[in-house]
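All remarks here apply to the structure that follows.
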Protein chains: 2
Amino acid sequence: MGRDLGSRDAGFLALNREVLERLAEIANASGTHVAVPIPGSGTFAVEAMLTTLVPRTGKVLLLVNGVRGQRAKRICLVAGRRIAVHETREEAPPDLEALDGALRADPTITHVFVVHCETASGILNPVAEIADVVATHGRRLLIDAASAFGALPLDAASTTFDAVAAASDRCLEGVPGLGFVICREASLAQARGNAASLALDLHDQWQHLATTGRYRFASLTQVIAALHQALGELRAEGGPPGRNRRYAQNCKVLIEGMRELGFRPLLPERLQSPILVAFRMPKAGKFLFHDFCDKLEARGYVIDPGTHGLYGCFHIGCIGRLDAGHMRGAVSAVAEVLAELGISSLGSAA
Amino acid sequence: MGRDLGSRDAGFLALNREVLERLAEIANASGTHVAVPIPGSGTFAVEAMLTTLVPRTGKVLLLVNGVRGQRAKRICLVAGRRIAVHETREEAPPDLEALDGALRADPTITHVFVVHCETASGILNPVAEIADVVATHGRRLLIDAASAFGALPLDAASTTFDAVAAASDRCLEGVPGLGFVICREASLAQARGNAASLALDLHDQWQHLATTGRYRFASLTQVIAALHQALGELRAEGGPPGRNRRYAQNCKVLIEGMRELGFRPLLPERLQSPILVAFRMPKAGKFLFHDFCDKLEARGYVIDPGTHGLYGCFHIGCIGRLDAGHMRGAVSAVAEVLAELGISSLGSAA
């Protein structure tokens, strides 16, 4: 980030091209898809995806089981896109038979939207199976992978999708600031004029980059340079499989340690992503969550003090420059904080 | 940027509040306006301003004399906002009598939009005089100050405006990534539901920040921390007046030096902002612009290799961490490059 690069400088433009090519490669989508950057965050990329790729005459079936799914619903309603919603509880993945039935019953549904990994619960949605159902019906799949991209497997050769939206931070371990959407080129080519926004028009951004090599507006040189470095580190770690292994190990250490202290994860193992873990809020009277967070922070462990209305849960992340040693440290800190709060055992109350 | 801050951490949230308060202070707008951040760039902020503050039943008179004005026009057309356009040549400011006449003739115009300083030409538009005309007619002024904010004077106490859009880079000398709009609070409060975008809805962002202190989506912690540092440096330089003095000196050194070499600025002195200078492209046959840029870059001076369709001009910026010494160095490098290209004199050909 400390390098001073001109946004129209040939060196920067080459670095930017390399970043975009590498992003498509991560989803094994180089031949079929193009990565289109959208400054902002993962949500900016999700809005750009939904409003550029779903035509104004289209209809999206939203698979909702958490905050990111709810947000996609809001995006569609605000933008005036027609929707149908298949909603399940935060600890339940979408029902594949219900999906099949919904697509069979409503031929006006053009697109299906799913969140790869939900932010608050950490649930892993079965994207590959969903993709098969959607493809069988000849509809198009749009994926919000903001919490998953770069670590959870996503292979365009075996999972049919039209687009996946994500961002420079989270599992890619860059700094926040750059969203992107990896779009099937043939679909993007049909999307001219769909967006009701200039800033979030993927087609316009794509065409401008393709013809000039440059960003339409100010480009985020420092954020993109940091992402270039982060993608090199991802490659050095063995790509998404290597990163997934480290996160899975982090997650395992965290869950085992927290279980020993009496905490219970929200999700069963088969639905648990290695990205973050939601734990049920202990019912012990001495467990005051904000105190708990503050005392953890004093020990150098910052967890999200928000609960996101998630059925009385809190969550702890497993991603970033963290390894099993850090996670063991976090568990030890939790044990110390419980002792300081005068809680000897969470017992069955947790 | 190297500090690792949690996006929901109390320390970061305090730093963010300080940044937003300081941005409103720079426009002397603390009591009346609020600064609302929009990740992206200045153009994202401009789109958020136009589409959140102009209701769908509103109509904007766009004062256009360059690329940023043209872009605002595109934003309005794509978003379906009704417009009227007063367009002047790139080296001509808006005509105040024509503005007065247009507002008199069309009472359905609710807003007027102007660019404080145009990007390609460097023209300084008379924002204060325009604001007086707009206020006389009881209409609302929206300003794109992406190229000007932090250096050119803008005082909410003497210049009546509803909103001004800008970004973390340019004259604020932060890194690119965060746009913002300083909005009259009373107007913003009326803007609920105007936007057809969730990401670019200033009202929603404002309400969420006001009630929770947090960003709705991922927040750009590194970019915001860098902006905090940059705002401290601006204050240390004496605020916008101090920065304006340095840029004006840079501009003077550049223009005088380039004139001596035979280059002619596009604009007369009274229209020339201290932000960047457009020079007429020399007509000498040996002057190949791309060669010129490459040879300057080899000497450590990067200028924009684009001409932005600006009447056969190129431009050189005066902003950033540069002082008169750097500008003298740039002029010397230009002289060397001319000699290397075998151009002894641009004479009257320039």
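Naming convention: chains lettered A, B, ... in sequence-line order (proteins, then strands); numbering from 1 in each chain.
- In this structure, A/E297 has no salt bridge (Lys or Arg N to Asp or Glu O under 4.0 Å) partners at least two apart in sequence or on a different chain.
- Heavy atoms closer than 4.5 Å to chain A are found nowhere in B/T119, neither backbone nor side chain.
- When side chains are defined from C-beta on, B/R214 counts as touching A/P305, because their heavy atoms get closer than 4.5 Å.
- Remark: A/R3 CZ is loosely packed, at most 12 non-hydrogen atoms of other residues, nucleotides or ligands lying under 6.0 Å away.
- Interface remark: A/T212 contributes no atoms to any contact with chain B (heavy atom separation under 4.5 Å).
- In this structure, no portion of A/A10 lies under 4.5 Å from any heavy atom of chain B.
- Taking both residues in full, the closest heavy atoms of B/G40 and A/P39 are given as CA-CB, 3.8 Å, listed atom of the first, atom of the second, then distance.
- Using a 4.5 Å heavy-atom cut-off against chain A, the contacting residues of residues 67-78 of chain B are B/R71, B/R74, B/I75, B/V78.
- Screening residues 4-16 of chain A for side chain to side chain donor-acceptor pair (under 3.5 Å), with sequence neighbours left out, gives A/R8-B/D304, A/N16-A/Y215.
- Residue contact with chain A, scored on non-hydrogen atoms closer than 4.5 Å, involves the backbone of B/A195 exclusively.
- Interface residues of residues 196-205 of chain B toward chain A, defined by a heavy-atom distance below 4.5 Å and sorted by number: B/A196, B/S197, B/L198, B/A199, B/L200, B/D204.
- Heavy atoms from other residues, nucleotides or ligands lying under 6.0 Å from CZ of A/R192 number 12 at most.
- Summarising the geometry of A/S219 relative to B/P176, their closest heavy-atom pair is O-CG, 3.5 Å, with the distance given to 0.1 Å.
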